[in-house]
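Heads up, the thing below is written out as structure tokens.
In what follows, every chain begins at residue 1, and chains take the letters A, B, ... in the order their sequences are listed.
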Amino acid sequence: MDYGKERVVALVDMDCFYVQVEQRLSPALKNTPCVVAQYKTWKGGSIIAVSYEARAHGVTRNMWVDDAKKLCPDLQVARVRESHGKADLTFYREASVEVIEVMSRFAVIERASIDEAYMDLTAAVQQRLKSMNDNEIESLLLKTTYIQGYPQNSTEQAQRSRGLKQWLASLPELPLGEQSSAGLQLTVGALIVEEMRAAVEKHTGFRCSAGISHNKVLAKLACGLNKPNRQTILPLDSVAELFNSLPISKIRNLGGKLGSSIIETLAVENMGDLCKFSQAQLGQHFGEKTG
DNA sequence: CATTGTTAAGGG
DNA sequence: CCCTTAACA
């Protein structure tokens with residue numbers, strides 16, 4: 001298998017998880033602008049999760065509830081439970097366990113936080129490919145999947161279906177026995193993740209987004225490209241174009257001081273520029289390990 | 001006081 | 001190996 005395409009890795013991220021947990025408990029909160037906030041005394045409490053309806057009004061995480069109400073007067077507020085005067089996240093951790101249990105039926109998962117998990121689907125994909133017939137990968141089975149970079153030569157967005165069809169048409173026939181293409185493997189990975197996400201919603205009521213690519217950093221990046229309640233395949237061949245206009249801070253672990261120092265030291269703006277430097281050069285500037 | 005909590009990596 | 005720092009949710 002080509003370098004960089006050895007594995008199929010997915011990242012599943014629950015959409016505004018704490019909000020969904022509160023909405024399941026209190027259905028009146030569903031489909032409304034609402035937030036989850038902790039504490040109440042200082043400026044109404046601080047917001048730790050925001051529904052997509054509230055985001056449309058400009059409400060964000062870390063905002064004070066009093067400030068958010070100015071942006072969105074009919075904002076509903078759920079409160080984090082407290083014990084010993086401290087915010088207690090037990091309620092959300094228990095909901096997280098429900099999700100993890102369902103996901104674990106499909107693959108070995110690596111819990112990255114209370115609301116997201118990585119999984120290496122390489123083995124599951126190989127298994128699935130063995131039992132698959134030709135024409136078994138249909139657009140219908142990938143109903144919430146986007147392919148980053150497809151359709152090609154198209155500037156207009158919102159062309160999910162056309163991009164998916166073009167991508168599927170570009171895949172080789174199912175090769176029986178021999179190694180299958182990286183594109184085929186990502187697609188079967190996406191099929192598994194579609195099934196996993198449907199199972200999570202069926203058994204917990206919670207929706208999520210996902211990214212499918214060849215490593216954790218790319219899977220995480222892909223996941224953020226189409227939210228909420230959607231999943232995105234990021235083929236390696238689409239990475240260069242994506243990186244051309246991608247701020248360095250968008251890459252996991254480069255959102256803080258290291259990212260800032262890279263931008264300053266190398267006088268670069270986006271990931272496309274950064275990729276022009278060799279690993280040896282990056283090692284010189286940022287330490288052998290970090291580089 | 002004014003976000004808090006959790007996790008992981010790096011340095012001593 | 002522990003402690004501090006960084007990153008993220």
For [X] and [N], what is the distance between atoms [atom1] and [atom2] respectively, to the nearest whole Å?
{"X": "A:Ile114", "N": "B:dT7", "atom1": "CD1", "atom2": "C1'", "result": "13 Å"}
{"X": "A:Asp66", "N": "B:dT3", "atom1": "CG", "atom2": "C1'", "result": "15 Å"}
{"X": "A:Leu89", "N": "C:dC8", "atom1": "CG", "atom2": "C1'", "result": "14 Å"}
{"X": "A:Tyr118", "N": "C:dC8", "atom1": "OH", "atom2": "P", "result": "10 Å"}
{"X": "A:Asp67", "N": "B:dT3", "atom1": "CG", "atom2": "P", "result": "12 Å"}
{"X": "A:Asp115", "N": "B:dT6", "atom1": "CG", "atom2": "C1'", "result": "12 Å"}
{"X": "A:Arg111", "N": "C:dC8", "atom1": "CZ", "atom2": "P", "result": "19 Å"}
{"X": "A:Arg61", "N": "B:dT4", "atom1": "CZ", "atom2": "P", "result": "13 Å"}

Any idea which of [options] is nearest the [X] side chain?
{"X": "A:Tyr39", "options": "C:dA7, C:dA9, B:dT4", "answer": "B:dT4"}
{"X": "A:Trp64", "options": "B:dT3, B:dT4, C:dA7", "answer": "B:dT3"}
{"X": "A:Asn62", "options": "C:dA9, C:dA7, B:dT3", "answer": "B:dT3"}
{"X": "A:Ser113", "options": "B:dG5, B:dA2, C:dA9", "answer": "C:dA9"}
{"X": "A:Lys86", "options": "C:dA9, C:dA7, B:dG5", "answer": "B:dG5"}
{"X": "A:Trp42", "options": "C:dA6, B:dA2, B:dG5", "answer": "B:dA2"}

- Message: Donor-acceptor pair, distance only, cut-off 3.5 Å: does the side chain of A:Tyr39 make one with the backbone of A:Ala87?
- Response: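 At least one qualifying donor-acceptor pair exists.
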- Can you check whether A:Arg128's main-chain N or O pairs, donor with acceptor, with A:Ser131's side chain at less than 3.5 Å?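 Indeed, once roles are kept as given, a pair shorter than 3.5 Å links the two residues.
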- Query: Hey, does A:Glu116 have a side-chain heavy atom less than 4.5 Å from the side chain of A:Cys223?
  - Reply: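 In short, these two side chains do not touch, never coming nearer than 4.5 Å.
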- Task: For the residue pair A:Ile147 and A:Leu168, establish whether any side-chain heavy-atom pair is separated by less than 4.5 Å.
- Result: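 Not touching, per the 4.5 Å side-chain cut-off.
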- Query: Expressed as a whole number of Å, how far does the P atom of B:dA2 sit from that of C:dA9?
  - Reply: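 Looking at atom P only, B:dA2 and C:dA9 are 24 Å apart.
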- Task: Give a yes/no on whether any side-chain N or O of A:Lys43 is located under 4.0 angstrom from OP1 or OP2 of B:dC1.
- Result: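 Checking B:dC1 against A:Lys43, no side-chain N or O comes under 4.0 Å of OP1 or OP2.
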- Query: So, is A:Arg93 close to the B:dT6 phosphate, meaning a side-chain N or O under 4.0 Å from OP1 or OP2?
  - Reply: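 Answer yes for this pair, as a side-chain N or O of A:Arg93 is under 4.0 Å from OP1 or OP2.
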- Task: Select base, sugar-phosphate, or nothing to describe what A:Leu258 touches, counting heavy atoms under 4.0 Å on all strands.
- Result: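 It contacts sugar-phosphate atoms only.
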- Message: So A:Tyr18, base contact, sugar-phosphate only, or nothing? Heavy-atom distance under 4.0 Å.
- Response: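 A:Tyr18: no heavy atom of the nucleic acid under 4.0 Å.
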- Task: For the residue pair A:Tyr18 and A:Tyr92, categorise the inter-ring angle as parallel (less than 30°), tilted (30 to 60°) or perpendicular (more than 60°).
- Result: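 Taking A:Tyr92 first and then A:Tyr18, their aromatic rings lie parallel (interplane angle under 30°).
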- Go through the N and O atoms of the side chain of A:Gln38 and the base of B:dT3, and report whether any donor-acceptor pair is under 3.5 Å.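 Indeed there is one.
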